[in-house]
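Numbering starts at 1 and runs along the sequence shown. One-based numbering, in listed order, for ligands and for the atoms of each.
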Amino acid sequence: MRDAVHFFALAVLVGCDSSDQAVNRVYPDMVVAPASVDFGDVAVDFTGATSIQVINAGLAALEIESVTLSGADADAFSVTVEVPLSLAKDEVASLGVVFAPATYLPYAAELTIVSNDEEHPTLIIPLSGVGIYAPTPDIAVDPLSIDFGAVAVGTTAVATLGIANAGQATLTLTSAEQHGSGAFAIIGANPSGFSIPPGQSQQLVWSYTPYVEAGDNGTFIIQSNDPDEPELIVYLLGNGGGDFVYPEAIIDCNTPIEPRRLVWLDGRDSTDPEGLALTYAWTLEGVPAGSAVNAITDPGQNLASFISDIAGEYTVGLVVTNTSGISSAKRSCKMEAIPQEEFHAELSWNTPNADLDLHVMWEEADFFSVPGDCTFCNQVPDWGVLIDTTDDPSLDIDATSGFGPENINIDLPIDGAYSLLVHYYDDHTDASVLATVRFYAYGVLVHEASQTMAYNYTWEVGQVNWPEGTVGVTGVYRKNYEYDENGDALLQEDGVTNVAGPRNCSSE
Ligand SMILES: [Ca+2]
Ligand SMILES: [Ca+2]
Ligand SMILES: [Ca+2]
């Protein structure tokens, strides 16, 4: 009410001034962008969102008295702004506008801004949009509360929780966080990030192992892309629930990360409701296939770490326990390691002793030639522009025994064709191995292939075409060449040689 009176008084003052040409005075000047909003097609049950910028381009304060929606379809729109709102000279305010169609129809409404701008005391912004059909996911969780009943301390009871998709589009669980007692645990992976196709379901098995007799309670909060149930809460109860308040494990979860980097795991925001000191227990829950990461450094500290090796998804878990012996629910953090180099090739294999080598060859370069074949004996040749290292390949990990990984990267490759090849260099008593190559272009996995290999065989995976970032798959698997004096491969009648070809880089 006070503001309304103020507004009125200002209007009277303006009236006096405008009749007196000689007086210089300042005005507010409201500029709004955009002048109208068309949300276009928005699927029913989903929302379209945008913002409208309001700028005071005048010299006096702009007083916005009200922002209202009107028109037959006003209910389909909403606006976020706090009024009254005062904007100083050059100050900008952002009005959040959302369109949420209820059915398959065109919608229109008007957004009206009332202010002390004399030129446009009432400014109208037309809003429009069309509700259209699109398939949506529909989450169905059963049960919404799991009561394990009476369970003796130190013993374990199990129960299942079903997460089904009753909709027509893929359901993605964007987050799945457990709160409360750490006596409840999911057996298996946390489902955060899971995708469930239409008509399918995912069963989660829960365990309950009480450490105290007084009961346990907790919640499991599932967030998904279901448009009308973005968050569901499942209640967990054991031995009557108890009245504990639990410490909470909190991970400052940073994703994406990069391959071959030290990754800090920060649990320092973890809390105890009574301020008791906490102990920390980090666990490695998952690594990409082919990764050699198998442990966390300082797993008992609030700040732990590991060194990522290859691209892909790493998952860690954290449980904190207070000095009364009460543990939090396990919190997990999934981190996607995305290569920053535009060209990133990775090799891993499945036996502990064998030494396989990754080769990347420029254009028509020969196997083990220098500088054209980048491999263990030619790790950072100068390709492309001389002296410029950004277009050079680099063997960043050279593994000489089991599992790999090895990878060869180029920050900014020059245009052309690159061959990817794997050589089974030394068996170190291992027999055949399964080799896997992944190739990332511009941070995206574009090719993955595996090949069972015998000692001294080569596997030509394919040709990388740059700048397209595509892989032409050749998949040629054969025994290492022997060459004659002319540099031609010597082949037996069956098309392979039985004598080792070059095993190190040539000097010319
Ligand atoms: Ca739903
Ligand atoms: Ca090797
Ligand atoms: Ca270069």
Side-chain angles (χ1 to χ4, degrees), residues 43-47 100 134-142 144 163-174 196 198-199 201 222-232 290 292 309-310 341-343 345-360 362-363 368 370-416 418 421-428 430 433 435-437 453 455-459 466 503-505:
V44 169
D45 285 338
F46 286 88
T47 55
T136 56
D138 185 13
I139 192 170
V141 172
D142 185 41
L144 281 169
I163 304 174
N165 179 6
Q168 258 87 52
T170 298
L171 174 70
T172 301
L173 308 182
T174 48
I196 304 173
S201 66
I222 303 167
Q223 293 182 332
S224 73
N225 63 338
D226 181 317
D228 62 358
E229 293 157 292
E231 181 172 294
L232 280 177
D309 51 6
I310 60 174
E341 311 90 1
E342 290 188 348
F343 180 114
E346 288 179 352
L347 163 68
S348 59
W349 56 97
N350 71 338
T351 65
N353 304 305
D355 181 2
L356 274 66
D357 295 324
L358 181 61
H359 293 246
V360 172
W362 168 242
E363 294 287 357
F368 278 116
V370 175
D373 179 3
C374 177
T375 190
F376 70 92
C377 50
N378 183 32
Q379 297 193 5
V380 279
D382 191 348
W383 290 1
V385 179
L386 286 180
I387 313 299
D388 179 359
T389 59
T390 59
D391 55 11
D392 298 344
S394 167
L395 176 71
D396 288 335
I397 304 178
D398 173 25
T400 54
S401 65
F403 307 121
E406 284 196 1
N407 55 50
I408 294 178
N409 307 301
I410 310 174
D411 288 338
L412 301 167
I414 57 165
D415 295 355
Y418 301 77
L421 183 144
V422 178
H423 178 215
Y424 189 163
Y425 180 80
D426 202 334
D427 61 358
H428 295 307
D430 285 351
V433 304
T436 299
V437 167
M453 297 185 70
Y455 169 62
N456 201 33
Y457 273 67
T458 61
W459 168 33
W466 210 265
R503 298 180 54 78
N504 268 300
C505 296

**OP:** Examine all N, O or S atoms of W383, backbone included, and report whether one is under 3.0 Å from the Ca ion (ligand 3).
**Re:** yes

**OP:** Just give me the atom name: the N, O or S atom of D382 closest to the Ca ion (ligand 3).
**Re:** OD1

Subject >> Closest contact, heavy atoms only, E342 versus L412 >> reply: OE2-CD2, 3.6 Å

**OP:** Check D355 and report its N/O/S atom nearest to the Ca ion (ligand 2), by atom name.
**Re:** OD1

**OP:** Mind telling me whether W466 and Y418 have parallel, tilted or perpendicular rings, with 30° and 60° as the class edges?
**Re:** perpendicular

**OP:** Would you check if the Ca ion (ligand 3) lies under 3.0 Å from any N, O or S atom of V385?
**Re:** yes

Original post:
Does the ring center of F376 lie less than 6.0 Å from the ring center of Y425?
Top reply: yes

Subject >> Which N, O or S atom of D392 lies nearest to the Ca ion (ligand 3), by name >> reply: OD1

Subject >> F376 backbone or side-chain N/O/S under 3.0 Å from the Ca ion (ligand 2) >> reply: no

Original post:
What atom name does the N, O or S atom of D357 nearest to the Ca ion (ligand 2) carry?
Top reply: OD1

Subject >> Nearest to the Ca ion (ligand 1) - the N/O/S atom of E229, by atom name >> reply: OE1

Original post:
Can you tell if the side chain of W349 reaches within under 4.5 Å of the side chain of T436, non-hydrogen atoms only?
Top reply: no

**OP:** Quick one: pull up CD1 in I163 and CG in L232 and give me the separation to the nearest 0.5 Å.
**Re:** 9.0 Å

**OP:** Looking at D228, pick out the N, O or S atom nearest to the Ca ion (ligand 1) and give its name.
**Re:** OD1

Original post:
What is the ring orientation for H423 with F368, classed by angle as parallel under 30°, tilted 30 to 60°, or perpendicular over 60°?
Top reply: perpendicular

**OP:** Please name the atom of E406, restricted to N, O or S, that is closest to the Ca ion (ligand 2).
**Re:** OE2

**OP:** List the atom of I410, the atom of E341, and the distance in Å for their closest heavy-atom pair.
**Re:** O-CB, 3.4 Å

Original post:
How wide is the angle at the Ca ion (ligand 1) between OD1 of D138 and OD2 of D226, to the nearest 10°?
Top reply: 80°

Original post:
Should S394 and D396 be marked as a side-chain hydrogen bond (donor to acceptor under 3.5 Å, both in side chains) after you check the CA-CA gap, both sets of side-chain angles, and the distance that decides it?
Top reply: CA-CA 6 Å; S394 167; D396 288 335; 2.5 Å; yes

Original post:
At the Ca ion (ligand 3), what is the angle formed between atom O of D388 and atom OD1 of D391, rounded to the nearest 10°?
Top reply: 80°

